[in-house]
Amino acid sequence: MTDLLASLNDEQRQAVSATPGNQLILAGAGSGKTRVLVHRIAWLLQNTDITPYGIMAVTFTNKASREMRERIEEVLGFPARGMWVGTFHGLAHRLLKAHFKDAKLPENFQILDSDDQLRLLKKLVKQLNIDDERFPTKEIQWWINGQKDEGRRAAHIQAWDPQTEAQLTVYSAYEEACLRGGFVDFGELLLRAHELLRDNQHLLEHYRERFQYVLVDEFQDTNTIQYAWLRLLAGETGAVTAVGDDDQSIYGWRGAKIENIQQFEQEFSGVRTTRLEQNYRSTGSILKAANAVIENNDDRLGKELWTESDDGEAISLYSAFNEQDEAHFITERIEQWVEQGHRRDSSAILYRSNAQSRVLEEALIRAGIPYRIYGGQRFYDRLEIKNALAYLRLVISRNDDTALERVINVPTRGIGNKTVDVVREFARDHGCSMWEAMQQVLQHKLLTARAGNALISFMHLIDQMDQATDDLSLAEMTEQAIEMSGLKDHHLKEKGEKAQARLENLDELVTAAKVYDADEEQPASPLRQFLDDAALDAGEQQAEENIDSVQLMTLHSAKGLEFPQVFLAGVEKNIFPHKMSFDEPGRLAEERRLCYVGITRAMEKLYICYAESRRLHGKESFNGPSAFIREIPSSVIEEVRLRTQVTRPVSAVKGFSSVHAAADLGVKLGQRVFHQKFGEGVIMAVEGAGGNARLQINFDYEGSKWLVMQYANLRPMEE
DNA sequence: ATGGTCGGGTTTTTT
DNA sequence: ACCCGACCAT
C-alpha cells in the first residue's frame with residue numbers, strides 16, 4: 001500500500017488527514033483538488049474504521065464521477081464496493097428508485113429531460129389557453145425549474161401579478177401531469193429526494209447513520225435544493241467535506257449559489273478550512289495575470305495562487321484587425337506550435353459564446369488543421385436517438401404520453417394532427433393516458449375508418465415490439481425497435497450527410513445497448529436501466545476523438561481542464577464580459593470569474609486575442625478590448641505586432657484593399673489615433689488615395705466615422 | 001403531409 | 001449570418 005501522504009504538500013496533507021468533522025477545502029485552480037479528494041477518501045478507509053459503505057462522494061457531471069471512482073480505486077488498489085459515487089441527480093435517482101413508495105412515485109417512473117419537459121409544457125400551455133406570445137413556454141419552463149431549484153412547489157407560491165399567475169397555473173397543471181404520467185424531471189429528482197428524507201424520519205436516520213462521510217466536489221456550483229439536501233443528510237453528526245473554489249463559480253445563472261460555499265463555515269459546525277494555493281499547473285506569468293484579474297472582485301473568500309515554477313513566457317496579446325484576422329492569427333500560431341513538435345490537442349481555443357466558433361473553424365479547415373469542438377448537442381438528445389428511445393419507452397409503459405406523442409406519427413403513418421387531437425382531448429376529458437384514450441376512441445368509433453386503422457396498426461406495432469422483450473437481449477431489442485418502427489427506412493430515404501449521420505447514430509445506440517448485455521450484474525430490467533441512464537447521462541462525445549486535434553470550446557466547458565497552450569478569443573467589450581451581463585450587478589463578477597477560469601486553463605503559453613472589428617449576427621461591431629485585459633499587469637503582457645502582414649481571404653475584399661491603401665498613406669489599419677474633437681480611435685478602413693483619401697475611424701466614445709485624411713489632423717497614439 | 005417562406009432571436013449548460 | 005419555429009400553400 002502506498003503512503004498516501006508522502007507525495008502531498010503541507011496543506012494537501014492537512015486536508016487529507018484531517019480529524020473527523022466538517023471540512024472546507026478551498027482549492028484554487030490547478031492546486032490538486034481532485035487529488036486531495038481522492039486521497040482523503042483513501043486515507044479515511046485506511047486510517048479510520050470507516051468502510052466504503054459509509055462514504056458518499058458527489059459530483060456534478062457523470063464524467064467527473066466516473067473519473068473519481070476510477071482514481072479512488074487506483075489509489076486503493078481494489079474496487080470500492082458499496083461506496084456511493086455519483087452526481088446529485090444520479091444519487092437522488094438512486095434514492096427515489098429504492099424508496100419509490102415513500103417517495104410516492106410509481107416503480108417505473110420515467111425521467112423527463114428538458115426537451116421532453118418543454119414538449120409537455122407546450123401541450124399544457126395550449127390546453128390551458130395561455131397566450132404563449134405573452135408568456136413564452138421557454139420562459140415558463142425556466143421559471144418552473146428555477147422554483148424547483150429553490151425547493152418550491154406550486155402550492156408554496158403566491159401569484160401577485162399576471163405573469164406569475166400564468167406560470168403558476170402551468171406549474172400546477174404540470175405537477176399534476178407528471179404525477180399522473182409518472183414523470184420526474186431533473187429538478188424534481190432533487191426536490192423529491194429532499195422531501196423523501198425530510199418526511200420519512202426512518203429513512204433519514206438510516207442514511208444519516210450510514211453516510212458518515214459525504215464529500216462534495218465543485219461545491220461552489222451547488223444550488224439551494226442541493227445544499228438543503230446535504231444539510232439534511234449530514235445532520236449534526238455526519239461530516240461533510242466541501243471542496244470548491246468561489247473564484248470559479250460560473251453557474252450562478254442556472255441557480256448555483258456562490259453563497260453556499262461562503263456560508264458553509266457558519267452553517268456546519270466546527271468546520272476546518274484549508275486553502276490550497278500552490279498551483280502545479282501554470283507558469284508564474286499566467287498566475288500573476290489570473291490573480292490580478294480576480295482581485296477586482298469583492299466578497300471573495302480570498303486566495304492567492306503561487307507557484308514554484310518560474311515566470312515562463314509572457315502572455316501574448318494580439319489585437320486583430322477583425323475576426324477573420326484573429327482566427328488566421330490563431331491558426332498560424334498553432335501551426336508554429338505543431339512545427340515545434342507539440343501535439344495539436346495540447347492547444348485549446350476558448351471563446352465566450354458558441355457563435356464565435358464558426359470563423360475559427362473555417363480558418364482551421366482552410367489551414368487543414370484537425371479540430372474538435374466540445375459541447376454542442378449531446379448524443380442522447382439527438383432527434384433520431386430520442387425517437388428510438390421513445391419507442392422503447394412505450395414498450396415499458398404504454399401510458400408514457402410524452403413518448404407516445406413524440407413518435408405516434410414518426411415516421412409518418414397516416415396519423416395526422418386531427419386524429420391526435422381527438423385522442424388528446426379524450427385523454428384530457430377522462431383523465432386517462434393517451435394509450436387508454438386510443439382504445440376508448442376506437443371502441444366508440446369516434447374516428448374515420450382510415451384513421452382508426454392507422455391507430456390500430458400503431459398499437460399493434462408497439463405490442464409486437466413488447467413481445468420481443470422477453471427473449472431478446474437489449475441490443476437486439478433496440479435494433480428491432482429501430483427496424484420495426486420504420487425509423488431506419490425513414491432515415492435511409494432521406495438524403496445528405498445528415499441522414500447518414502443519423503443512421504450512424506442509431507447504430508451507435510445499438511452499440512451502447514450492448515454494453516448492458518455484457519454487464520455481469522444484470523439489473524432487474526436492463527431496458528429500464530438503459531432508459532434512465534440515457535436521460536441522466538449525456539453519452540460519450542462525438543466520434544473521431546482519437547485523432548490528434550485542436551480543442552475548441554466555450555469558457556464554461558473548459559472548467560476543470562488544462563492545456564499547455566491556450567488562446568482566449570474575442571476578449572472584447574460586449575462579448576466578454578457579455579453585454580447581457582451588464583444589467584445585474586453580480587453578473588459582471590461572474591464574468592470575471594469566467595475570465596479567471598479561462599486564464600488558469602493555460603499551463604505554458606497564453607494568448608489573449610481581440611478584434612477591432614467583428615462581424616457577428618450579420619452586423620459589424622467595434623467593441624474594443626475587454627476591460628479584463630486592462631486588469632492584467634502590463635509586465636506580464638507582450639503585444640504581438642504583425643498587422644501589416646495580414647493576409648485575408650479574398651472574399652473579404654473590402655478590408656483587403658484597405659490594407660494596401662493604408663500602407664500607401666503611411667498609416668496602418670488598426671492603428672490607434674487621436675483626433676482633436678472625437679478623441680481616441682482606431683483606423684478601420686481606408687478609401688481612395690492621396691489628398692482625397694478617407695479613413696474610417698472607430699472612436700472609443702463617438703462611434704465610427706469617415707474622415708478625410710487631409711483635414712482630420714490625426715495624431716498617432718503610443719499603444 | 002410536406003415543403004417553402006417569413007419573422008424573431010441570438011450567453012453560458014448539466015442533469 | 002444563421003437557425004428554428006410557426007404558418008401557409010400544395
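Letters go in sequence order (proteins before strands), and every chain restarts at 1.
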Mind listing the N/O atom pairs, protein and nucleotides 11-14 of chain B, below 3.5 Å?
unit_1 : atom_1 : unit_2   : atom_2 : d
B:dT11 : O4'    : A:His578 : NE2    : 3.3
B:dT11 : O2     : A:Arg352 : NH1    : 2.7
B:dT11 : O2     : A:Arg352 : NH2    : 2.4
B:dT12 : OP1    : A:Asn354 : N      : 2.6
B:dT12 : OP1    : A:Asn354 : ND2    : 3.0
B:dT12 : O4'    : A:Arg352 : NH2    : 2.9
B:dT12 : O2     : A:Trp253 : NE1    : 3.3
B:dT12 : O2     : A:Arg352 : NH2    : 2.6
B:dT13 : OP1    : A:Thr554 : OG1    : 2.5
B:dT13 : OP1    : A:Ser557 : OG     : 3.3
B:dT13 : OP2    : A:Asn354 : ND2    : 3.3
B:dT13 : O4'    : A:Arg254 : NH1    : 3.4
B:dT13 : O2     : A:Arg254 : NH1    : 3.4

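- A donor-acceptor pair shorter than 3.5 Å can be found between the side chains of A:Asn145 and A:Gln117.
- With rounding to whole Å, A:Leu616 atom CG is found 9 Å from C:dA1 atom C1'.
- Residues A:Glu218 and A:Gln220 bring a donor and an acceptor atom of their side chains to less than 3.5 Å of each other.
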Tabulate protein N/O versus nucleotide N/O from nucleotides 1-7 of chain B, keeping only pairs under 3.5 Å, one per line.
unit_1 : atom_1 : unit_2   : atom_2 : d
B:dT2  : OP1    : A:Thr412 : OG1    : 3.2

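- Note: CZ (A:Arg192) to P (B:dT15) measures 22 Å, nearest angstrom.
- In this structure, A:Arg592 is not positioned above the aromatic face of A:Tyr596 in the sense of NZ or CZ being under 6.0 Å from the six-membered ring centre and within 45° of the axis.
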Taking distance alone, no hydrogens or angles, what donor-acceptor pairs closer than 3.5 Å link side-chain atoms of residues 122-139 of chain A to residues at least two apart or in another chain?
unit_1   : atom_1 : unit_2   : atom_2 : d
A:Lys123 : NZ     : A:Glu405 : OE2    : 3.1
A:Asp131 : OD1    : A:Glu133 : N      : 2.9

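- Inspection of the A:Ser114 and A:Gln141 side chains reveals no N or O donor paired with an N or O acceptor under 3.5 Å.
- In the model, A:Tyr174 has a side-chain atom that pairs as donor or acceptor with a side-chain atom of A:Asp185 under 3.5 Å.
- With sequence neighbours left out, the ring-ring contact (aromatic ring centres under 6.0 Å, His included) criterion links A:Tyr391 to no other residue.
- Taken residue by residue, residues 120-132 of chain A places no heavy atom nearer than 4.0 Å to DNA chain B.
- Taking atom CG on A:Asp116 and atom C1' on B:dT15, their separation rounds to 13 Å, with Å as the unit.
- Using atom C1' as the reference point in both C:dC3 and B:dT14, the two lie 23 Å apart (nearest Å).
- Under the side chain to side chain contact (heavy atoms under 4.5 Å, CB included) criterion, A:Thr419 pairs with A:Ile415, A:Leu447, A:Ala451, A:Leu455, not counting sequence neighbours.
- Using cut-offs of 30° and 60° on the angle between ring planes, the pair A:Tyr227 and A:Phe219 is perpendicular.
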**Request:** Could you walk me through whether A:Thr402 and A:Gln110 pass side chain to side chain contact (heavy atoms under 4.5 Å, CB included), step by step?
**Result:** CA-CA 10 Å; A:Thr402 308; A:Gln110 168 67 39; over 6 Å; no
